[in-house]
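Please read these numbers as outputs of a predicted model, since none were measured by experiment. Sequence positions, counted from 1, serve as the residue numbers for this chain.
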Amino acid sequence: MSKSKKIIIAVICAVVVIAVAVAVAIFAGNNNDEYTPENPSTTETQKPITIADAMKQLDSSKYAIQMIDGKAVIVVLGADGKAIINDKNQIQIVVLDENNNIVYDKNGNPQTTWLDMKTPYVGVDGIVTPEFKISIPTGWQSHPSGKLVKTDTPKTNMIMCTLIQHEKYDDMSLAEFLKTHGENQKKSHANYDRLGFKVQFEQKNITFSDAKIPAVYCKEVIHNKNGGLTNYSEVIYFEMDGNKKYRFELVSADDESLKALGDFNFVDYANKNFKLV
């Protein structure tokens with residue numbers, strides 16, 4: 001065989017080898033494509049839904065959305081329509097995954113768990129703490145914001161009752177706490193005076209509820225220089241075991257909402273609806 005023929009045969013063989021390699025690569029590539037999902041959306045991370053959307057799947061007579069420690073959760077309601085709270089001040093809630101989807105058990109029922117309540121809980125049964133409860137007065141209702149709201153007041157400036165725990169003052173006596181708070185209040189009133197606002201303020205010692213809890217009652221009314229109401233508040237400051245300081249207050253922001261308050265007596269309400277646990 002001549003030298004030129006050998007070269008031609010070698011070239012042909014090289015071309016065949018390259019063609020086979022390319023075919024194998026293409027075949028392998030096609031096989032890999034078989035494992036790629038036809039619908040890429042199935043691999044996308046599911047977007048979280050709102051708590052309200054999750055609640056739509058449940059019976060509103062058995063579950064309710066509430067704010068607990070600043071977070072919205074779905075609370076389990078008992079046969080009496082009230083939240084289920086155990087003796088450890090834990091509330092029963094529905095288990096949700098990271099996307100707020102309800103987690104169901106094998107029988108198709110929503111899974112539940114117990115949640116510690118670090119701050120006072122406000123729900124359909126009123127205000128609840130480990131030491132006491134405050135029921136909701138007639139014509140009022142609990143609000144997801146964690147307040148009690150008078151139902152017939154303007155939505156823009158609702159009349160609200162709120163219980164606030166002042167944990168950072170637990171190392172003080174009630175008198176020391178009120179002195180500190182009073183000093184800050186005087187500065188605030190001085191600023192109002194400079195603006196031409198009129199401030200009316202009164203303070204007195206009281207006892208309230210059947211437990212005869214010592215407390216300090218304060219009432220503040222502030223009108224702007226045109227005579228319009230800018231703030232109306234009634235506050236009961238009191239202390240529980242362990243030097244826990246609480247402020248139970250009623251707040252109204254304008255003349256219209258204050259008019260809707262009518263003859264509601266805040267201290268009388270606290271006396272009749274505050275019960276030790």
Between [atom1] on residue [X] and [atom2] on residue [Y], distance to nearest 0.5 Å:
| X | Y | atom1 | atom2 | value |
| --- | --- | --- | --- | --- |
| Asn231 | Gln200 | CG | CD | 12.0 Å |
| Gln141 | Ile136 | CD | CD1 | 8.0 Å |
| Met55 | Ile65 | CE | CD1 | 6.0 Å |
| Gln185 | Cys218 | CD | SG | 6.0 Å |
| Lys198 | Leu229 | NZ | CG | 12.0 Å |
| Leu115 | Ile68 | CG | CD1 | 5.5 Å |

- request: Start with the C-alpha distance between Leu96 and Val73, add both sets of side-chain angles, then the distance that settles side-chain contact (heavy atoms from CB on, under 4.5 Å), and finish with yes or no.
  value: CA-CA 9 Å; Leu96 303 175; Val73 297; over 6 Å; no
So which atom in [X] and which in [Y] form the shortest heavy-atom distance, rounded to 0.1 Å?
| X | Y | answer |
| --- | --- | --- |
| Ala54 | Ile74 | CB-CD1, 4.1 Å |
| Asp170 | Asn243 | O-CB, 3.0 Å |
| Ile127 | Pro120 | CG2-CB, 4.3 Å |

query: Excluding sequence neighbours, so at least two apart, what forms salt bridge (Lys or Arg N to Asp or Glu O under 4.0 Å) with Asp268?
result: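 Salt bridge (Lys or Arg N to Asp or Glu O under 4.0 Å) check on Asp268 returns Lys272.
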Whether the side chain of [X] engages the backbone of [Y] through a donor-acceptor N/O pair (distance < 3.5 Å, no angle test) should be reported.
| X | Y | result |
| --- | --- | --- |
| Asp116 | Gln90 | no |
| Thr151 | Gly139 | yes |
| Asn107 | Asn109 | no |
| Asn100 | Ile49 | yes |

Mind checking whether [X] and [Y] have side chains closer than 4.5 Å, heavy atoms only?
| X | Y | result |
| --- | --- | --- |
| Ser257 | Lys150 | no |
| Phe264 | Trp140 | yes |
| Val95 | Pro110 | no |
| Tyr232 | Lys219 | yes |
| Tyr169 | Leu174 | no |
| Gln57 | Tyr104 | yes |

message: Could you walk me through whether Glu239 and Lys245 satisfy the salt bridge (Lys or Arg N to Asp or Glu O under 4.0 Å) test, starting with their C-alpha distance in whole Å, then the side-chain angles of each, then the deciding distance to 0.1 Å, before giving a yes or no?
response: CA-CA 5 Å; Glu239 186 176 57; Lys245 311 292 184 304; 3.0 Å; yes
task: Step by step, work out the side chain to side chain donor-acceptor pair (under 3.5 Å) result for Gln92 and Thr112.
output: CA-CA 7 Å; Gln92 192 172 32; Thr112 62; 3.2 Å; yes
task: Could you check Val235, Leu250, Leu261, Asn271 and say which one makes a side-chain contact (heavy atoms from CB on, under 4.5 Å) with Phe266?
output: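 When side-chain contact (heavy atoms from CB on, under 4.5 Å) is applied between Phe266 and each of Val235, Leu250, Leu261, Asn271, only Leu250 qualifies.
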task: Please say which of Val75, Val128, Val277 ends up in a side-chain contact (heavy atoms from CB on, under 4.5 Å) with Ile85.
output: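 So the option named by the test is Val128.
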Would you say the side-chain atoms of [X] and [Y] include a donor-acceptor pair closer than 3.5 Å?
| X | Y | value |
| --- | --- | --- |
| Asn191 | Ser188 | no |
| Asn224 | Thr230 | no |
| Asp105 | Gln111 | no |

Aromatic contact between [X] and [Y], with the criterion being ring centroids under 6.0 Å apart: yes or no?
| X | Y | answer |
| --- | --- | --- |
| Phe238 | Phe274 | yes |
| His189 | Phe201 | yes |
| Tyr237 | His181 | yes |
| Tyr246 | Phe132 | yes |

task: State which residues pass ring pair (Phe, Tyr, Trp, His ring centres under 6.0 Å) with Phe197; sequence neighbours excluded, sorted by chain then number.
output: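 Partners of Phe197 by the ring pair (Phe, Tyr, Trp, His ring centres under 6.0 Å) criterion, ordered by chain and then number, come out as Tyr192.
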task: Assess whether side-chain contact (heavy atoms from CB on, under 4.5 Å) is satisfied between Ser142 and Gln66, documenting all intermediate values.
output: CA-CA 9 Å; Ser142 63; Gln66 292 292 341; 4.0 Å; yes
When you group the ILVMFWY residues by side-chain heavy-atom contacts below 4.5 Å and let the links chain together, are [Y] and [X] in the same group?
| X | Y | result |
| --- | --- | --- |
| Met240 | Val122 | yes |
| Phe248 | Val216 | no |
| Ile84 | Ile102 | yes |
| Leu163 | Leu276 | yes |
| Ile236 | Val221 | yes |

Stepwise side-chain contact (heavy atoms from CB on, under 4.5 Å) test for Val94 and Val76: CA-CA 7 Å; Val94 173; Val76 181; 4.2 Å; yes
message: Quick one, Asn89 with Tyr121, criterion side-chain contact (heavy atoms from CB on, under 4.5 Å). Give me CA distance, side-chain angles, the key distance, then yes/no.
response: CA-CA 9 Å; Asn89 200 41; Tyr121 161 73; over 6 Å; no
message: Would you say that more than 12 heavy atoms from the other residues, nucleotides or ligands in this model lie under 6.0 Å from the CG of Asp171, or not?
response: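 Count over threshold, so yes.
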message: Between Asp210 and Lys275, does any NZ, NE, NH1 or NH2 come within less than 4.0 Å of an OD or OE carboxylate oxygen?
response: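 Salt bridge present between Lys275 and Asp210.
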CA sep, side-chain torsions, deciding dist, call: Glu131, Lys244, salt bridge (Lys or Arg N to Asp or Glu O under 4.0 Å): CA-CA 10 Å; Glu131 298 98 353; Lys244 292 181 180 179; 2.6 Å; yes
